[in-house]
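Heads up: numbering here begins at 1 and tracks the sequence. It should be emphasised that the depicted structure is a prediction, and the values quoted were computed from it without experimental measurement.
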Amino acid sequence: GAMGAFQSGSPAERNRFDRVVRIPTPTPLPVGDINAYLILPRSGSDSLTLIDTGVKSPEAFEALRQGFKAVGFSLEQVDRLLLTHAHLDHFGQARRIQELSGATVYASRAEAERMTGYWSPSAQRDEVTLAWFQRWGVPDDILRSDGGMREMARRYLDPIEVDVILEDGERVEAEDFCLEAIWTPGHCEGHLVFYERDLRLLFSGDHLLTDISPVPLLVFPKQPDQPRPKSLARFMDSLERVEALECRLTFPSHGDVIRDHREIIAGYRLHHEKRKLQMLRALERGPMTPFQLGRRLFPKHYRRETFLVMSEVVGHLDLLLDEGAVALESEAGVERVVLLRATREAAP
């Protein structure tokens with residue numbers, strides 16, 4: 001119809017879901033490509049909506065430009081730019097698009113704050129963060145290194161001022177598409193997914209992914225005496241919110257389109273149960289610091305990706321502590337995790 005025809009099986013067609021176009025762009029991160037999503041206008045209009053952007057690099061910019069071109073539009077025509085969260089693969093080139101197009105940029109409050117600088121979760125090494133890491137038994141040499149993430153942030157993102165702060169449940173009208181911002185803390189504090197209720201379409205950011213389960217990243221309070229938000233517990237709560245939605249198609253930031261979001265969510269729950277069991281089994285040999293647990297579970301990654309590994313371990317510890325399966329004992333300011341119940345009866 002008016003949307004233009006593609007030769008069968010061309011990349012443009014494989015990435016086209018009626019008015020939604022998926023544009024994968026390359027990133028320097030282990031996760032690989034990130035999907036930006038372009039919502040095409042009603043015929044006869046050139047009012048474009050883009051969700052997420054990719055990193056700031058010539059390759060990512062070119063891939064985005066070509067993706068627009070394949071459907072007959074240009075980046076200058078973007079009216080609305082919706083950002084799911086403040087990780088560099090999601091908003092790295094937002095400022096360039098904002099400058100080219102004059103688009104209105106939307107994000108949640110917590111994430112918009114972080115977009116004004118070169119923030120990267122894995123590069124966080126302030127006093128509060130270091131104190132928590134020390135408490136968890138992370139050795140000094142590993143504590144100080146951020147695995148090059150600060151450098152990467154400087155190179156692959158432009159800070160940006162967000163125009164419109166979206167609160168939970170607020171809607172962005174994009175012609176006849178109505179995108180509802182749903183707050184889904186977990187992977188990061190202010191993560192938003194965008195939901196089109198009538199069409200039953202979900203843009204899930206990093207909350208639901210196709211082949212990987214997102215790591216709910218550690219969040220540290222600004223002051224030492226404030227409680228630490230429990231990222232994995234919040235992620236599990238957010239899964240329930242999203243599970244309740246009717247979704248014909250879910251468009252994730254990484255990987256292929258999701259046809260059954262509830263099946264993905266069930267898979268995540270299973271994954272987290274297995275991870276908890278794995279930790280309990282490791283503790284059968286005796287108490288360990290959270291860092292020692294991380295080293296045992298992720299021998300290949302604990303040194304280079306300490307932040308991710310500690311996020312994974314501490315997130316599951318939070319759940320096990322809540323369930324009364326483990327306790328913490330503190331010695332000379334370092335915590336050790338003690339097993340309180342045998343894992344035999346918990347085995348599936």
Side-chain angles (χ1 to χ4, degrees), residues 30 87 110 114 119-150 153 185-189 213-237 271-341 343 346:
H87 292 166
R114 296 184 158 149
W119 178 80
S120 154
S122 310
Q124 247 179 285
R125 292 293 185 273
D126 54 84
E127 288 315 300
V128 176
T129 307
L130 291 174
W132 280 96
F133 274 176
Q134 277 161 334
R135 188 189 300 189
W136 292 325
V138 180
D140 274 355
D141 58 320
I142 294 182
L143 262 186
R144 303 284 156 197
S145 149
D146 69 8
M149 278 314 291
R150 194 173 288 116
H187 172 65
C188 59
E189 248 177 313
S213 96
V215 179
L217 296 168
L218 284 164
V219 175
F220 295 103
K222 300 224 181 352
Q223 262 71 48
D225 52 348
Q226 291 175 325
R228 175 179 56 81
K230 296 181 174 166
S231 304
L232 180 54
R234 293 167 90 186
F235 176 73
M236 302 307 272
D237 290 344
H271 161 79
H272 291 298
E273 284 306 315
K274 283 183 175 157
R275 180 75 80 219
K276 287 191 302 195
L277 206 55
Q278 212 185 347
M279 284 176 46
L280 293 173
R281 294 229 167 99
L283 290 166
E284 282 175 352
R285 301 175 193 191
M288 283 190 226
T289 67
F291 175 77
Q292 287 168 332
L293 264 173
R295 199 172 56 192
R296 167 74 48 83
L297 262 59
F298 306 100
K300 290 197 184 70
H301 302 96
Y302 77 91
R303 191 169 273 283
R304 262 208 19 261
E305 297 182 57
T306 313
F307 199 93
L308 280 175
V309 166
M310 294 309 293
S311 293
E312 186 77 18
V313 169
V314 172
H316 290 89
L317 271 184
D318 288 338
L319 299 184
L320 290 170
L321 284 162
D322 277 350
E323 290 163 21
V326 300
L328 293 178
E329 56 177 33
S330 188
E331 197 184 320
V334 175
E335 285 177 354
R336 287 165 18 130
V337 188
V338 187
L339 189 60
L340 291 184
R341 62 170 166 77
T343 55

List the residues meeting ring pair (Phe, Tyr, Trp, His ring centres under 6.0 Å) with H316, not counting sequence neighbours, and say none if there are none.
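By the ring pair (Phe, Tyr, Trp, His ring centres under 6.0 Å) rule, H316 matches H272.
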Partners of F298 by ring pair (Phe, Tyr, Trp, His ring centres under 6.0 Å), sequence neighbours excluded?
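None.
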Closest heavy-atom contact between V215 and S311?
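Distance-wise, the nearest heavy atoms are CG1-CB, 3.8 Å.
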List the atom of V219, the atom of R228, and the distance in Å for their closest heavy-atom pair.
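Result for this residue pair: O-CG, 3.1 Å.
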Measure the NE2-CG distance between H187 and L232 for me, rounded to the nearest 0.5 Å.
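Between atom NE2 of H187 and atom CG of L232 there are 13.0 Å.
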Spacing of CD belonging to E312 relative to CG belonging to L293, to within rounding of 0.5 Å:
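Rounded to the nearest 0.5 Å, the CD-CG separation comes out at 12.0 Å.
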Compare all side-chain heavy atoms of R303 with those of D141 and state whether any distance is below 4.5 angstrom.
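Yes, at least one pair of side-chain atoms sits under 4.5 Å.
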Heavy-atom distance under 4.5 Å between the side chains of L130 and V138, does that happen here?
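L130 vs V138: side chains apart.
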Tell me, please, which residues at least two apart from E335 pass side chain to side chain donor-acceptor pair (under 3.5 Å).
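Not a single residue meets the side chain to side chain donor-acceptor pair (under 3.5 Å) criterion with E335.
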Quick one: does any side-chain atom of T289 pair with a main-chain N or O of R336 as donor and acceptor, under 3.5 Å?
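Flag not set: sc T289 to bb R336 has no pair under 3.5 Å.
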Please name the residue in the list E273, M279, Q278 that meets the side-chain contact (heavy atoms from CB on, under 4.5 Å) test with K276.
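Output: one option passes, namely E273.
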Neighbour count above 12 (heavy atom, 6.0 Å) for Q226 CD:
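Buried by this count: over 12 neighbours within 6.0 Å.
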Does E329 have more than 12 heavy atoms from other residues, nucleotides or ligands lying within 6.0 Å of its CD?
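Counting neighbours around CD of E329, more than 12 heavy atoms of other residues, nucleotides or ligands fall under 6.0 Å, so yes.
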Aromatic ring proximity, centroids under 6.0 angstrom, F291 and Y302
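Aromatic pair counts; centres sit under 6.0 Å.
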